[in-house]
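Data block below; observations after.
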Amino acid sequence: MGGRNERAWLVFDVLLLLLVMAPIGVRLIPAHWSSIWMDHEFQGWMVAVANRLADGVPLYADGMHVPMPPIPYVLEYLVGGGEGVWLTESAMHFGAQALLVLGGYTALRGAFERPVPLCAALAAVPVIFALPKMAIHDTVAQCAAAWTCAAVVYALRTASRRWFVLGACFNAICMLSKQSTAAGLTFGVLLAYLLTGRTMPRRWRLGRALDHAAWTFAFFAVLVLVLSPLVDPRGLLRDVFLTGAEPKGGSGELLRNLGIYARSLAVALSKHGLVALVIVWITRRARLLRARPAQVSDGPAARALLASSVAMTGLWVAALLSPALFVQASDLASKVVTYARAHPVLLVNALLWLGFFLALFGSAWDLVRAREGRQADARAALFVVLAPAAVSHSLSTNVFRWYFDNNPLVVVALGAFVAELFAVSRLLATTRAAARVVAVTIVCAAAVLGTWPTLAGNVEVASRCTRVWPEVRHLRGAKLQPRAEGLRQVVARVRALAHPGESVLLLPDDPNVHAWFERPRPPLAGAIAFIDQYWDRYVELDMARLSRSPPKVIVIGPKGSTAAFYTLFGNRLWGASRLLWRVRSELLPRRYRRVGSFRIGYLADGNFDEVDVFVRRTR
């Protein structure tokens, strides 16, 4: 790993990845393609809520109850000083995604020889940036998980105390960024320390796991202490750690979703698991690779893998920056773009699942064959650390989406795919250099060509973001699609009906869109009255508050799509959904009149929904 040559390759790899990601950022960062919550995906909530900290109410104190984590809020507040705009959050989100890719690359670099880490990272870039969701609390947590995994891999491979402590530090950051992710991550790290290094005494492995837990909670306590001027520690404990699962359905709902995940895993196993098992068995049993499975040499084949990965990635970047050129590249690419518009990320479902099972079975083999040493421990840790984090991260939904929300397990799965198929290509191509060059080029094409089309949909939508809304301070520097004009009319109407000091209620709550009104929000108990972010026990309290001090304007919508989104969370009728139902059935008929129904673009071209605006009666 050491030496001037390795450092030079490291600098080359990192600079190349940054060079690939930079033009994507130029295109995506200013593009605000959503018009309201869950249009394409969430488009920035943290900065809007963080701006409320400027009023002096600590996060998680009374009136600022929220089960979401504190670090992203505080980051936004510190950057914006209470005056943060949407573009700030978009840039921070993209930066966290880029750091996540680099963290995944670093983790692979500790487990596989070059150029597998670089090729896998290049293939992972479009998958990470293809998701139009801009929820920085997810991205910061996943970034911390990626670097935690990298630190554990190097701690296992080099027995370095520095990497061991860094792993605990990153784990603590994840714990304050998204607790569900951190729960699985912590479990995975402890499991990795207990299962790997089986040539060492059992007491030594147990001690290492306990040390990690102690260091993690020590760093966590320090972080809470540092944030205490802006965060109420008791409220943090109550809202996040003791009752944070309630808005998501409670522990029973999470266990039910876990059962659904098990069935999804079984289905995927029947489709892709057998192929992965055969590939792993072949590469591990082959005499050529028995000592160092999936190892890549410095020969012509490895250089061909590197060159073809870089060349094809460069072609994709150039084509994506010119969507017309991309669409015309081939009939297959045209079909891919059409599919990617409706199903970003899911396009590479089969490839990612194959990589998932390759990583799973490869890790199992490496754990069983303890005599293969620290290199095998490092490879096994990649999956052992990140798989539990991927499961726990999405437990609030009833769909097993381990590759969703910029999950670093994507980088590991693609790393396993490249490494294992590279090993197979070496076996099939015998010992002739020319044959190996052809074989690894095919492997690279399968990885890179199979993932980069997923980014086409986002790039194409971003290219249509050409409108600026100078009247909305929160959207300064952002560019929106023309089809968002309907919501612009809603903003204008709300501002005309409510003076700057009069409150406006938006349900379901979208803090980003509410910031466009530039009108105060009613003092509800929950900072975000959204489907999985609001406690059912606050409904009576907030209804009483709204009845005593009704807001001047109430905005309801999108009306037709709200129920469809509830399905993702198990059709639960509590919390935010019950508050919305009571406002509609009790408050609106008694105190309000509808002044307009506005048609807004929603989900994709040709799809529309409606937003209703109500104003309080004077009598």
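Along the sequence shown, residues are numbered consecutively beginning with 1. FYI, side chains are in, hydrogens and waters are out, and symmetry mates aren't considered; it's all heavy atoms of this structure.
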Item to check | Minimal non-hydrogen separation, Ala376 against Asp366, with atom names | outcome: O-CB, 3.5 Å
Checklist outcome for this item: Shortest non-hydrogen pair, Val461 vs Trp33, comes out as CG1-CB, 3.4 Å
Can any side-chain N or O of [X] pair as donor or acceptor with the backbone N or O of [Y] at less than 3.5 Å?
| X | Y | value |
| --- | --- | --- |
| Asn458 | Ala130 | yes |
| Gln179 | Val240 | no |
| Thr451 | Ala123 | yes |
| Thr88 | Gly84 | no |
| Thr181 | Ala141 | no |
| Ser90 | Trp86 | no |

Next on the checklist: Ring-plane angle category for Phe361 and Phe357, please: parallel below 30°, perpendicular beyond 60°, tilted otherwise.
Outcome noted: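 Geometry flag for Phe357 against Phe361: parallel rings.
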Between side-chain atoms of residues 161-174 and protein atoms elsewhere (two or more places apart, or another chain), which donor-acceptor pairs fall under 3.5 Å?
unit_1	atom_1	unit_2	atom_2	d
Asn171	OD1	Thr186	OG1	3.1
Asn171	ND2	Thr186	OG1	3.4
Asn171	ND2	His212	NE2	2.8

Residues that [X] engages under side-chain contact (heavy atoms from CB on, under 4.5 Å), provided they are two or more places apart:
| X | value |
| --- | --- |
| Asn407 | Gln142, Ala390, Leu409 |
| Thr139 | His93, Ala96, Gln97, Asn406 |
| Val391 | Leu258, Tyr261, Phe400 |
| Ile260 | Arg256, Asn257, Arg263, Ser264, Asn398 |

Checklist entry - side-chain contact (heavy atoms from CB on, under 4.5 Å) between Glu89 and Asn512: does it pass, once the steps are laid out? => result CA-CA 11 Å; Glu89 184 169 352; Asn512 173 40; over 6 Å; no
Next on the checklist: Holding to ring-ring contact (aromatic ring centres under 6.0 Å, His included), I want the full list of residues that pass it with Phe187, two or more places apart in sequence or in another chain.
Outcome noted: none
Min side-chain heavy-atom separation [X]-[Y] under 4.5 Å:
| X | Y | result |
| --- | --- | --- |
| Phe356 | Leu265 | yes |
| Lys271 | Leu354 | no |
| Pro30 | Leu87 | yes |

Item to check | Verdict with supporting geometry, Phe219 and Trp215, ring-ring contact (aromatic ring centres under 6.0 Å, His included) | outcome: CA-CA 6 Å; Phe219 280 122; Trp215 276 99; 5.8 Å; yes
Item to check | Worked verdict on Phe241 versus Phe220 for ring-ring contact (aromatic ring centres under 6.0 Å, His included) | outcome: CA-CA 13 Å; Phe241 292 96; Phe220 176 80; 5.6 Å; yes
Item to check | Side-chain ion pair, Arg157 and Asp377, N-O less than 4.0 Å | outcome: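 Answer for the salt bridge query: no.
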